Amino acid sequence: MLLEQHIEELRLELRETIDPVERREIEIELELARAELAVITVEQEGAIDAEPPF
């Protein structure tokens, strides 16, 4: 839930930001947070094994 809250806060921050540099930084952080959430979701569903193959 904490990660989902962080994503929501980033989305709100992105809407309010007008500085292009800050906007790009927030977009990158948001993209990383969404990717992390996707990995966690897939791991919980058992669709992938998070352990390395060796």
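We're numbering straight along the sequence, starting at 1. All of these numbers come straight from a predicted model, not from anything done at the bench.
One finds the CD atom of E16 at 11.0 Å from the CD atom of E22 (value rounded to the nearest 0.5 Å). Taking CG from L12 and CD1 from I7, the interatomic distance works out to 12.0 Å, rounded to the nearest 0.5 Å. Rounding to the nearest 0.5 angstrom, the gap separating the CG atom in L32 from the CG atom in L37 is 12.5 Å. The distance from the CD1 atom of I28 to the CG atom of L10 is 12.0 Å, given to the nearest 0.5 Å.
Checked against salt bridge (Lys or Arg N to Asp or Glu O under 4.0 Å), R34 has no partners two or more places apart in sequence or in another chain. Every side chain to side chain contact (heavy atoms under 4.5 Å, CB included) that I40 has, sequence neighbours left out, goes to L3, E36, Q44. For R11, the side chain to side chain donor-acceptor pair (under 3.5 Å) criterion is met by E8, not counting sequence neighbours.
The number of heavy atoms from other shown groups lying within 6.0 Å of CD (E27) is above 12.
You'll find the side chain of L14 reaches within 4.5 Å of the side chain of R23, heavy atoms only.
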